[in-house]
Each structure stands twice: as C-alpha cells, then as structure tokens.
Amino acid sequence: MTAKECITGRRSIRRFTDETVSHELLEQIVETASFAPSWKNTQVTRYIAVEGETKDKLAACTTIWPNNGAIMESAPMVIAVTVVTGRSGFERDGSFSTGKGDGWQMYDAGVASEALCLAAYEQGLGTVIMGLYDEADVIKLLEIPDTQELVALIAIGYPAQSPDAPQRKAVTDLLSYKS
C-alpha cells in the first residue's frame with residue numbers, strides 16, 4: 001500500500017465487528033505512530049488502551065454526544081490520547097518558543113493521532129477520532145494524571161462497514177500561492 005492509497009483509503013469507522021484487537025498488533029501500531037514528528041522531538045503523545053468493563057464505563061461518559069457512546073460500545077477497544085503538558089512548544093526554562101503557547105501540543109497530538117489511524121488502517125483496522133465526551137468523567141475514570149491533558153478518544157477495531165469517501169474540496173479551494 002502506498003502512502004497515497006493509505007491516506008485516501010482510510011475512513012472514519014463507526015461500527016465494528018466483535019473481533020478483538022490483539023495487544024501485540026496495537027503495540028506495532030503505536031510503534032509506527034511513534035515516528036510521527038513532534039516539537040523538538042519531544043514525543044509528548046501518550047495512549048491508553050481501554051477494553052472490557054472500563055470501555056463500557058467510558059462509553060457512558062458521552063452524554064454530550066450519545067452517538068459516540070454507541071460507537072465505543074461497538075468497538076472492541078478505545079484509545080485515549082493524551083499529551084504530556086508543558087513540553088511541546090516550550091523551552092527548557094518554561095518559556096514559550098512560539099506565539100502558539102501551549103497550543104503546539106495539540107498539533108503534535110493531532111499528527112500522532114493521524115499516524116496511529118493510518119498505521120491501524122494499513123493493518124486492516126478501522127478507527128474514528130472522537131472529541132465529544134464528558135472530559136472530567138473520562139479523566140477521572142482513566143485516572144489521567146495532572147501532568148497530562150486528554151486530547152481525544154479513538155475507537156479502534158475491525159470495520160463492520162465500508163463507507164464511501166465524503167466529498168472533498170477542490171485543490172483550488174485549499175491551496176494558494178504567493179510570490
């Protein structure tokens with residue numbers, strides 16, 4: 001599979017089969033995702049794989065958007081994506097290196113999350129990145145330390161659907177040139 005085939009073939013999957021995702025396969029996917037670029041190679045993104053009873057409790061933390069709870073119930077595993085705070089975009093003395101302040105860590109988490117989703121797709125798995133959930137409840141349930149920030153939840157498993165690609169904007173709408 002070429003990079004273009006991987007990027008254009010991957011879809012957000014919202015229904016999964018009952019087949020479990022092996023820990024060995026997940027570890028291979030995370031190892032691949034670890035090569036995603038990050039601010040000064042800080043590698044601040046962390047992953048918490050949630051299965052079983054805890055995953056069922058996690059699905060209940062979606063009163064903001066109940067559809068995400070149904071997706072989590074369908075998936076054999078959900079990955080909580082966090083970042084180590086105070087490192088990405090900062091200098092060693094604690095000052096910001098850019099005008100983005102601590103926002104750079106979200107960029108790093110986004111790049112790492114997409115790398116994880118593409119690595120999963122290459123292995124025959126489907127994913128969907130979810131941002132609507134009851135954050136305080138998820139943090140408490142997963143015991144995420146104060147030194148990390150919860151960024152997203154990613155449902156992962158073997159797809160039970162093959163959705164078509166949504167319409168994409170024309171390159172002329174996305175790209176401009178300045179001389």
Side-chain angles (χ1 to χ4, degrees), residues 3-4 6-8 10 12 23 25-51 54-55 57-65 68-69 71-72 75 77-123 125 127-156 168-169 171-179:
K4 182 175 182 175
C6 193
I7 293 166
T8 60
R10 186 213 163 265
S12 291
H23 291 191
L25 181 56
L26 180 62
E27 289 164 12
Q28 291 171 12
I29 291 166
V30 169
E31 180 181 19
T32 300
S34 75
F35 283 85
S38 63
W39 176 269
K40 295 187 179 184
N41 197 34
T42 51
Q43 301 177 50
V44 295
T45 306
R46 301 292 184 269
Y47 309 97
I48 303 167
V50 185
E51 304 170 293
T54 304
K55 182 189 67 82
K57 291 177 183 176
L58 184 64
C61 296
T62 57
T63 58
I64 293 171
W65 184 250
N68 282 346
I71 293 167
M72 288 186 228
M77 181 183 289
V78 176
I79 299 170
V81 180
T82 70
V83 290
V84 177
T85 57
R87 296 199 53 220
S88 184
F90 292 86
E91 295 300 323
R92 292 191 188 275
D93 67 2
S95 65
F96 296 126
S97 299
T98 75
K100 300 288 184 207
D102 67 353
W104 202 263
Q105 65 194 16
M106 293 301 177
Y107 183 85
D108 285 353
V111 172
S113 294
E114 179 64 2
L116 182 127
C117 291
L118 292 173
Y121 176 68
E122 180 187 39
Q123 295 296 325
L125 297 172
T127 56
V128 63
I129 300 172
M130 299 172 286
L132 294 173
Y133 46 81
D134 304 315
E135 188 168 354
D137 293 341
V138 173
I139 290 168
K140 182 178 178 182
L141 175 67
L142 301 181
E143 300 174 342
I144 297 172
D146 292 341
T147 57
Q148 294 181 29
E149 181 177 346
L150 178 63
V151 176
L153 300 174
I154 302 176
I156 185 169
R168 297 295 183 212
K169 293 183 179 183
V171 171
T172 54
D173 292 334
L174 303 173
L175 175 65
S176 62
Y177 293 94
K178 300 289 181 191
S179 297

Legend entry - Summary of side chain to side chain donor-acceptor pair (under 3.5 Å) pairs that have at least one residue in residues 136-152, sequence neighbours excluded: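 Every pair satisfying side chain to side chain donor-acceptor pair (under 3.5 Å) with a residue in residues 136-152: Thr82-Gln148, Gln105-Glu149.
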Between [atom1] on residue [X] and [atom2] on residue [Y], distance to nearest 0.5 Å:
X	Y	atom1	atom2	answer
Asp134	Ile139	CG	CD1	11.0 Å
Leu25	Ile156	CG	CD1	7.5 Å
Leu132	Thr63	CG	OG1	10.5 Å
Asp102	Thr85	CG	OG1	8.5 Å
Leu153	Leu142	CG	CG	7.5 Å

[X] side-chain N/O to [Y] backbone N/O, donor-acceptor pair under 3.5 Å:
X	Y	value
Thr54	Val50	no
Arg10	Glu114	no
Ser34	Glu31	yes
Asp108	Ser38	no

Could you tell me whether the side chain of [Y] reaches within less than 4.5 Å of the side chain of [X], counting heavy atoms only?
X	Y	value
Ser97	Trp39	yes
Cys117	Ile129	yes
Thr32	Ile29	no
Ser113	Ile154	yes
Leu26	His23	no

Minimum heavy-atom separation for [X] to [Y], with atom names?
X	Y	value
Ala33	Tyr47	CB-OH, 3.8 Å
Ala155	Met130	N-CE, 3.7 Å
Ser88	Trp104	OG-CD1, 3.3 Å
Ala112	Ala36	CA-CB, 3.8 Å
Lys55	Val78	CG-CG2, 3.9 Å
Met77	Ala49	SD-CB, 4.0 Å

Legend entry - Worked verdict on Ile48 versus Ile144 for side chain to side chain contact (heavy atoms under 4.5 Å, CB included): CA-CA 9 Å; Ile48 303 167; Ile144 297 172; 3.9 Å; yes
Legend entry - Contacts of Phe35 that satisfy ring pair (Phe, Tyr, Trp, His ring centres under 6.0 Å) - sequence neighbours left out: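 Not a single residue meets the ring pair (Phe, Tyr, Trp, His ring centres under 6.0 Å) criterion with Phe35.
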Legend entry - Residue of the set Val84, Val81, Val111 for which side chain to side chain contact (heavy atoms under 4.5 Å, CB included) holds with Thr45: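 Going through Val84, Val81, Val111 one by one, the side chain to side chain contact (heavy atoms under 4.5 Å, CB included) with Thr45 is satisfied by Val81 alone.
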Inset, instruction - Give a yes or no on whether Tyr107 atom OH has more than 12 heavy-atom contacts from other residues, nucleotides or ligands under 6.0 Å away. - result: no
Legend entry - Set of side chain to side chain contact (heavy atoms under 4.5 Å, CB included) partners for Ser95, sequence neighbours left out: Glu91, Asp93
